[in-house]
Amino acid sequence: MTGRIRMAANPRRRIPACLLIALAAAAFAGVVHAKEPAPVAKHIILFIADGMQADNEIAAGRYLAGKDDGLSFHAFPYRGRVATWDVTVYNRQAARAGAPPYNPAAIRPNLGCDPVPRGTGARCTCGAPGGTNPGADSASTATAWATGHKTDAGNIAWLPGDPDGGGLRTIAELMRLERGASIGIVTTGPFSDATPAAHVSHNKSRSDRHAIADEILRAVQPEVVIGGGHPERNGDRFLSAALYEDARKGRIGPYLFVERKRGVDAGRALVEAAARAAARKKKLFGLFGGPGGNFEPPVPTGDGSAVVRRAAVESPLLKDATLAALKVLSGNRSGFFLLVEQSDVDWANHAGDYGWMIGAMWGLDEAVRAAVDFVNRPGDDVTWSNTLLIVTADHATGAIRFDDARRLGKGRLPLQSPGLCPDRAAWCPGYPGGEVGYTATGHLNEPVSIYAMGDGGLTRHLSRFEDSWYPCTPLIDNTHLYHAMTNAAGIPRPSPLRAVVTRPTACPAR
């Protein structure tokens with residue numbers, strides 16, 4: 001584990017003019033120092049839609065609201081784009097360019113993502129949409145925003161190259177250490193999977209699920225853990241039999257345990273368990289999920305009503321899990337960090353399954369709405385003046401093609417062929433009506449969307465990184481997200497990365 005880093009000096013101290021250049025360089029590298037008192041994010045809520053690319057947002061907006069920007073987070077005051085490459089992608093592209101491999105002290109960001117100029121859409125020209133240049137994976141991308149480090153594919157909060165002792169302190173751990181904050185992870189996938197794991201565990205391989213699950217529940221012990229991986233349909237694939245038995249029999253001391261049971265409404269059971277945990281000052285572990293470990297995905301009707309139905313009562317909806325986590329975490333007046341992942345967007349895009357994707361996007365949208373409503377409630381300490389809510393994706397999966405001559409209306413789905421697409425197909429028709437199709441079903445090296453809501457002084461921590469690594473574009477890097485969160489929380493950290501950026505004398509006209 002890396003050592004503790006001392007906090008920066010008091011931002012209110014008068015700064016000599018001779019230091020202004022040095023401070024500007026530090027801000028460019030990753031630390032933004034406020035010149036006057038600014039709001040502090042006691043609470044950070046980070047939503048990750050695994051594999052969500054921009055066309056998923058358009059598709060869901062059309063289904064749910066009849067317009068391209070009809071999702072709840074499309075109304076957030078901050079909207080931007082994030083580059084998602086990792087060390088594995090960088091080295092592949094450096095080799096093609098005859099450039100040196102990844103060096104954190106001399107990064108050439110354009111080898112990770114060489115974006116088109118501002119005004120033409122944030123897209124990496126070095127990421128070919130046919131899957132010929134695949135993008136990063138969920139473990140390395142989650143590590144980037146959780147720790148501020150780029151790493152290799154498959155690493156969980158661990159340095160690239162897999163050195164012994166290469167574990168990295170995460171934003172969640174830092175907020176607990178420096179602020180006394182509580183930690184929560186919520187996912188529709190297995191709780192030991194890459195995205196949640198990268199915030200509360202450390203491992204050289206995302207595949208080491210038993211060790212990851214043990215570290216989460218026995219060592220780090222977040223105040224809330226809610227996710228899939230229940231052994232009823234998966235055996236010991238996602239956690240060991242010993243860990244499951246200890247949880248079920250109350251042998252993991254601080255946790256109130258609630259699990260999947262046949263015929264029992266998991267959403268109701270989870271909300272009730274959260275109320276008991278909050279009243280008793282206990283931690284909460286909720287273990288659900290069906291075949292494959294994931295919560296059963298919601299199912300859109302496609303009948304023009306824009307209705308999406310719950311698939312099974314034995315797993316909660318993502319909004320139920322989010323509200324249960326917020327119930328427990330908000331009892332800590334020192335604040336909290338909550339990671340919420342909708343994992344099924346990725347799985348649906350890998351399968352080229354449009355209906356599955358719409359159901360997953362609805363689940364995300366409902367959970368975001370629930371979180372916004374929670375912050376809006378009067379009479380508690382969670383307000384927009386001290387809360388930063390972010391919605392983004394870890395990477396893009398798949399590439400949808402729309403035929404606007406056959407544009408789908410509100411509540412309408414295309415006819416889907418049985419079997420659909422093989423994972424990572426280069427071309428996937430699958431839709432005989434021609435309204436949509438998939439030009440790829442693998443991970444792509446493309447920027448993803450980011451949305452944020454909170455006091456303006458909190459969301460500005462994101463906008464300050466625009467144009468820094470990727471000149472003449474509004475792009476930020478996924479490692480910048482770590483610094484935006486730590487800066488907003490009042491616990492800034494110097495960046496371990498140094499970018500070598502060639503800036504043009506003038507940006508192309510918009």
Side-chain angles (χ1 to χ4, degrees), residues 47-51 137-143 146 154-157 172 183-203 205-222 224-248 252 255 257-261 266 270 284-298 311-312 314-318 320-322 324-325 338-348 350-351 356 360 363-364 367 394-395 397 423:
F47 280 90
I48 299 297
D50 197 316
D137 88 325
S138 298
S140 55
T141 50
T143 295
N155 283 13
I156 299 287
I183 301 171
I185 57 168
V186 170
T187 177
T188 60
F191 76 93
S192 57
D193 210 355
T195 301
H199 298 81
V200 288
S201 69
H202 317 79
N203 204 290
S205 173
R206 61 178 293 175
S207 299
D208 195 1
R209 292 182 180 274
H210 285 190
I212 289 170
D214 274 3
E215 184 181 3
I216 291 172
L217 290 170
R218 298 191 192 277
V220 177
Q221 294 196 330
V224 174
V225 177
I226 302 172
H230 195 283
E232 180 186 48
R233 304 291 293 274
N234 303 281
D236 65 353
R237 179 179 173 188
F238 301 108
L239 74 165
S240 68
L243 180 60
Y244 171 66
E245 283 302 306
D246 283 350
R248 191 171 64 86
I252 304 177
Y255 284 104
F257 180 57
V258 57
E259 65 176 321
R260 178 188 182 99
K261 293 183 178 179
L270 186 57
L284 177 65
F285 177 30
L287 184 61
F288 305 96
N294 289 28
F295 295 1
E296 290 83 350
E314 288 87 0
S315 290
L317 293 171
L318 184 58
D320 298 329
T322 300
L338 173 61
L339 179 282
V340 181
E341 182 200 23
Q342 169 48 270
S343 67
D344 281 274
V345 181
D346 183 65
W347 291 106
H350 277 311
W356 184 2
L364 170 71
D394 50 357
H395 54 73
T397 301
D423 188 15

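Side-chain contact check for S138 and D394: at least one donor-acceptor pair (N or O, by modelled atom type) lies under 3.5 Å. Counted by atom type alone, D346 and T397 present one or more donor-acceptor pairs between their side chains at under 3.5 Å. No donor-acceptor contact under 3.5 angstrom links the side chains of Y255 and Q221, judged on distance only.
Remark: the backbone N or O of P297 is not paired with any side-chain donor or acceptor of N294 at under 3.5 angstrom. Listed for the E215 side chain is a donor-acceptor partner under 3.5 Å among the backbone atoms of H202. The backbone N or O of F295 lies less than 3.5 Å from no partner atom in the side chain of S315, so there is not a single donor-acceptor pair. Side chain of S192 to backbone of A213: no donor-acceptor contact under 3.5 angstrom is found. Side chain of N234 to backbone of G292: a donor-acceptor contact under 3.5 angstrom is found. When atom types are taken as modelled, the side chain of E296 and the backbone of P298 share no donor-acceptor pair closer than 3.5 angstrom.
Interatomic distance, Q342 CD to D50 CG, rounded to the nearest 0.5 Å: 9.0 Å. Considering CZ of F288 and NZ of K261, their distance stands at 10.0 Å, rounded to 0.5 Å. For the atom pair OG1 of T195 and CG of L339, the computed distance is 7.5 Å after rounding to the nearest 0.5 Å. With rounding to the nearest 0.5 Å, the separation of CD1 in I252 from CZ in F285 is 6.5 Å. Put simply, OH on Y244 and CZ on F238 are 15.0 Å apart, with the number rounded to the nearest 0.5 Å. Atom CD1 of I185 sits about 9.5 Å away from atom CD1 of I226, to the nearest 0.5 Å.
A pairwise comparison of heavy atoms in L287 and G228 identifies CD1-O, 3.5 Å as the closest pair. Shown here for A157 and T143, the closest heavy-atom pair between the two residues is N-OG1, 2.9 Å. Nearest heavy-atom pair, A266 versus P316, reported as atom, atom and distance to 0.1 Å: CB-N, 3.5 Å. Summarising the geometry of V200 relative to V220, their closest heavy-atom pair is O-CG2, 3.2 Å, with the distance given to 0.1 Å. Contact record, E341 with L318: O-CD1, 3.9 Å, taken as the closest heavy-atom pair. Taking both residues in full, the closest heavy atoms of A198 and A146 are given as O-CB, 3.7 Å, listed atom of the first, atom of the second, then distance.
A search for side-chain contact (heavy atoms from CB on, under 4.5 Å) contacts involving N203 returns I156, S205, D208, A211, I212, not counting sequence neighbours.
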Let me see the working for E259 and H230 under side chain to side chain contact (heavy atoms under 4.5 Å, CB included), right down to the final yes or no.
CA-CA 8 Å; E259 65 176 321; H230 195 283; 2.7 Å; yes
Dump the intermediate steps for side chain to side chain contact (heavy atoms under 4.5 Å, CB included) on T187 and D193, then the final yes or no.
CA-CA 9 Å; T187 177; D193 210 355; 6.0 Å; no
Walk me through it: do R206 and D137 pass the test side chain to side chain contact (heavy atoms under 4.5 Å, CB included)?
CA-CA 10 Å; R206 61 178 293 175; D137 88 325; 3.2 Å; yes
Pair I216, V225 - check side chain to side chain contact (heavy atoms under 4.5 Å, CB included), show working.
CA-CA 9 Å; I216 291 172; V225 177; 4.1 Å; yes
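Side chains of L284 and F257 form no contact here, defined as non-hydrogen atoms less than 4.5 Å apart. The side-chain heavy atoms of D214 and S240, taken from C-beta on, include a pair separated by under 4.5 Å. Side-chain atoms of L217 and L243, non-hydrogen and from C-beta on, do get closer than 4.5 Å to each other.
Tested against F47, the residues L364, V186, L338 include a single side-chain contact (heavy atoms from CB on, under 4.5 Å) partner, L364.
Surrounding CH2 of W347 are at most 12 heavy atoms belonging to other residues, nucleotides or ligands under 6.0 Å away.
Remark: R260 engages E232 in a salt bridge, criterion side-chain N to carboxylate O under 4.0 Å.
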